[in-house]
Amino acid sequence: ENNNCVVSDITRINGGELQLADGENKSIDIRNLLYKCKKVSPTWQNIYENFKYNGNKLDSYLIDYLNDDEIVESVSKEKPLSAEELKEKEGNYNIALMFYDVIMRTKTLSLNSFSKLMNACPWIYNHLGTYDISPEKMKILIEMDRLSFTKENYVGIKRNCFKLLPKYISVCFDEFLEKWSELKIEITFDDIKMLLDSNELSKEQK
């Protein structure tokens with residue numbers, strides 16, 4: 001806690017419980033303590049290693065680590081996986097997929113951190129209807145164009161974040177016109193009214 005050493009590769013640190021000398025009967029895993037104290041270099045490798053180490057979960061220490069603005073800014077400047085890694089390294093691909101699945105569901109991740117991490121995300125999502133995503137985070141995903149135009153996304157946004165429907169349509173407008181009938185999307189009077197009343201769509205689109 002008191003030194004300035006930053007661990008560049010967390011895999012070189014063995015895990016294990018460490019008794020805390022605070023007068024209380026508490027212990028903490030050494031690896032997690034390093035993340036708690038922000039003594040780990042902000043790289044995707046180190047993030048994935050902690051994620052795997054804790055059973056493919058975002059534990060509270062990693063969430064606090066990622067909620068640090070400087071750390072998430074540094075990490076987000078690089079893609080978590082290159083195109084080659086996505087194709088060739090199945091292990092990395094699966095971990096990245098699980099990591100982002102958990103990111104979507106983690107309510108304690110700040111909006112800034114969520115935005116930065118999603119900006120580095122290599123995927124476009126076809127189906128977010130089953131995710132319990134806050135309107136604020138859904139708005140970020142729409143503005144980043146991380147949601148393709150699908151029936152599942154349309155219905156999910158309409159059901160959970162109705163006021164964001166015009167923003168979603170404005171981003172996917174051409175696909176919306178082309179595919180809504182083919183995808184058998186039910187467009188109600190309330191849907192049309194909201195689209196026509198919204199400032200998200202241009203006069204030409206309306």
Side-chain angles (χ1 to χ4, degrees), residues 44 48 51 56-58 63 66 72 75-90 92-206:
W44 283 109
Y48 285 159
F51 181 71
N56 298 330
K57 296 178 182 177
L58 280 180
I63 292 173
L66 292 173
V72 77
V75 171
S76 67
K77 289 179 180 178
E78 296 182 14
K79 294 289 184 182
L81 293 174
S82 66
E84 292 74 20
E85 287 173 319
L86 282 172
K87 294 176 183 177
E88 297 173 5
K89 298 184 179 181
E90 183 177 348
N92 282 349
Y93 179 92
N94 290 337
I95 287 296
L97 203 60
M98 286 187 285
F99 176 80
Y100 272 102
D101 184 78
V102 173
I103 286 290
M104 294 285 189
R105 303 174 189 273
T106 301
K107 299 182 183 298
T108 51
L109 196 66
S110 71
L111 289 179
N112 178 61
S113 294
F114 179 80
S115 177
K116 295 289 186 183
L117 292 170
M118 291 310 305
N119 192 48
C121 178
W123 292 288
I124 304 295
Y125 289 87
N126 295 323
H127 186 190
L128 286 184
T130 60
Y131 289 82
D132 183 18
I133 299 176
S134 70
E136 293 81 9
K137 289 183 178 179
M138 186 66 79
K139 181 181 177 183
I140 290 171
L141 293 175
I142 293 172
E143 290 176 342
M144 287 184 171
D145 200 10
R146 290 290 173 193
L147 307 179
S148 58
F149 183 75
T150 63
K151 183 175 182 177
E152 291 80 7
N153 280 340
Y154 184 94
V155 172
I157 292 171
K158 178 179 175 179
R159 181 173 60 242
N160 300 318
C161 309
F162 183 58
K163 292 183 179 180
L164 289 176
L165 197 60
K167 182 176 287 292
Y168 175 60
I169 295 302
S170 71
V171 172
C172 307
F173 189 75
D174 291 340
E175 290 180 284
F176 168 69
L177 285 186
E178 180 182 343
K179 296 181 179 179
W180 74 268
S181 180
E182 173 190 338
L183 296 176
K184 298 181 180 179
I185 294 174
E186 180 184 359
I187 301 176
T188 66
F189 173 82
D190 288 337
D191 296 354
I192 292 294
K193 184 177 186 304
M194 173 168 275
L195 293 175
L196 293 177
D197 287 343
S198 172
N199 293 325
E200 297 289 346
L201 277 70
S202 68
K203 291 182 179 179
E204 290 75 17
Q205 288 172 327
K206 292 178 182 182

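Here the structure is a predicted model, which means the values were calculated and not measured. The first residue in the sequence is number 1, and the count goes up from there.
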- [ ] Can you label the angle between the F149 ring and the Y168 ring as parallel, tilted or perpendicular, going by 30° and 60°?
- [x] parallel
- [ ] Please state whether the rings of W44 and F99 are parallel, tilted or perpendicular, taking 30° and 60° as the class boundaries.
- [x] perpendicular
TODO: State whether the number of non-hydrogen atoms from other residues, nucleotides or ligands found under 6.0 Å of E78 atom CD is greater than 12.
DONE: no
Open item on the list: Given 3.5 Å as the limit, does a donor-acceptor pair link the side chain of N153 with the main chain of S148, or not?
Closed with: yes
TODO: Check whether any side-chain heavy atom of M144 lies under 4.5 Å from a side-chain heavy atom of S115, and answer yes or no.
DONE: yes
TODO: Return the minimal non-hydrogen interatomic distance between Y125 and C121, and the atom names on each side.
DONE: OH-SG, 3.7 Å
Task: Where L201 and I169 come nearest, the two heavy atoms and their spacing - done: CD2-CG2, 4.4 Å
Task: Side-chain donor or acceptor of R146 paired with backbone N/O of M138 under 3.5 Å - done: no
TODO: Could you tell me which residues satisfy salt bridge (Lys or Arg N to Asp or Glu O under 4.0 Å) with K107, sequence neighbours excluded, listed by chain and number?
DONE: D132
Open item on the list: Could you work out, with salt bridge (Lys or Arg N to Asp or Glu O under 4.0 Å) as the rule, every residue matching K193, not counting sequence neighbours?
Closed with: D197
Open item on the list: Taking the side chain as everything from C-beta on, heavy atoms only, tell me whether F176 gets closer than 4.5 Å to I185.
Closed with: no
Task: Note, L141 side chain near M118 side chain (heavy atom, < 4.5 Å) - done: yes
- [ ] Step by step, work out the side-chain contact (heavy atoms from CB on, under 4.5 Å) result for N112 and V72.
- [x] CA-CA 9 Å; N112 178 61; V72 77; 4.0 Å; yes
Task: Sub-4.5 Å side-chain heavy-atom contact between L195 and I187 - done: no
Open item on the list: If the condition is salt bridge (Lys or Arg N to Asp or Glu O under 4.0 Å), which residues does K158 pass it with, not counting sequence neighbours?
Closed with: D191
Task: Residue pair I133 / M104, side-chain heavy-atom distance below 4.5 Å - done: yes
Task: I157 to L147 - nearest heavy-atom pair and separation - done: CD1-CD1, 3.9 Å
- [ ] Sort and list the pairs that fulfil salt bridge (Lys or Arg N to Asp or Glu O under 4.0 Å) and have at least one residue in residues 116-127, not counting sequence neighbours.
- [x] E73-K116
Open item on the list: With a 3.5 Å distance limit and no angle check, can you tell me whether N119 reaches the backbone of S76 through a side-chain donor-acceptor pair?
Closed with: no
Open item on the list: Testing the basics here: between L183 and K151, what is the closest heavy-atom pair and its distance to 0.1 Å?
Closed with: O-CD, 3.3 Å
- [ ] Considering non-hydrogen atoms only, spot the tightest contact between K137 and L111 and give its length.
- [x] CG-CD2, 3.6 Å
Open item on the list: For D190, give me all partners under salt bridge (Lys or Arg N to Asp or Glu O under 4.0 Å), at least two apart in sequence or on another chain.
Closed with: none
Open item on the list: Taking side-chain contact (heavy atoms from CB on, under 4.5 Å) as the definition, give me every residue that meets it alongside K203, ordered by chain and number, with sequence neighbours left out.
Closed with: none
- [ ] First locate atom CG of L66, then atom CZ of F51, and finally report the distance between them rounded to the nearest 0.5 Å.
- [x] 11.0 Å
Open item on the list: To check you understand the geometry: which heavy-atom pair defines the closest contact between S170 and E200, and what is its length?
Closed with: CB-O, 3.6 Å
